[in-house]
Amino acid sequence: MTAVTRRRFKPLVWPVALLIVGAAANWLAEFAVGRWQDYQFYSISRPVADLLLIIGAVWLVVAVIRVLRRRG
């Protein structure tokens, strides 16, 4: 992989990282409510996880469009 190719995909790193963190937070919220019936933690962490997933998905779509536009 050349430096130009790596540089072209660099805008995709943070949105993907945000999606991974959102998915992990979502899993943790589901695990907490299933394992310990911790509904207080679930009510706080689930909306945050959903928000992270939404922001990450929108950001990733915008980043992919930018990468494709630069290529052409």
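- Shown here is Arg8, whose CZ atom has more than 12 heavy atoms of other residues, nucleotides or ligands within 6.0 Å.
- In this structure, Val62 is not a member of the same hydrophobic cluster as Leu68, with clusters built from ILVMFWY side-chain heavy atoms closer than 4.5 Å.
- Hydrophobic side-chain contacts under 4.5 Å tie Ile65 into a cluster, directly or through other members, with Val61.
- Within the hydrophobic cluster formed by Ile, Leu, Val, Met, Phe, Trp and Tyr side chains joined at under 4.5 Å, directly or through other members, Ile55 is accompanied by Trp14, Leu18, Val21, Val48, Leu51, Leu52, Trp59.
- Residues satisfying the ring pair (Phe, Tyr, Trp, His ring centres under 6.0 Å) test with Phe31, not counting sequence neighbours, are Trp27, Trp36.
- If you chain together ILVMFWY residues whose side-chain heavy atoms come under 4.5 Å of each other, Tyr39 ends up grouped with Val33, Tyr42.
- For residues 22-38, every residue pair satisfying the salt bridge (Lys or Arg N to Asp or Glu O under 4.0 Å) rule, not counting sequence neighbours, is listed here: Glu30-Arg46.
- Across every non-hydrogen atom of Pro11 and Ala63, the tightest pair is O-CB, 3.7 Å.
- In Gln40, the CD atom is not crowded: 12 or fewer heavy atoms of neighbouring residues, nucleotides or ligands sit closer than 6.0 Å.
- Ile20 and Leu53 fall within the same hydrophobic cluster, defined by Ile, Leu, Val, Met, Phe, Trp and Tyr side-chain heavy atoms under 4.5 Å apart, directly or through other members.
- Through direct or relayed side-chain contacts under 4.5 Å between Ile, Leu, Val, Met, Phe, Trp and Tyr, Ile44 connects to no other residue.
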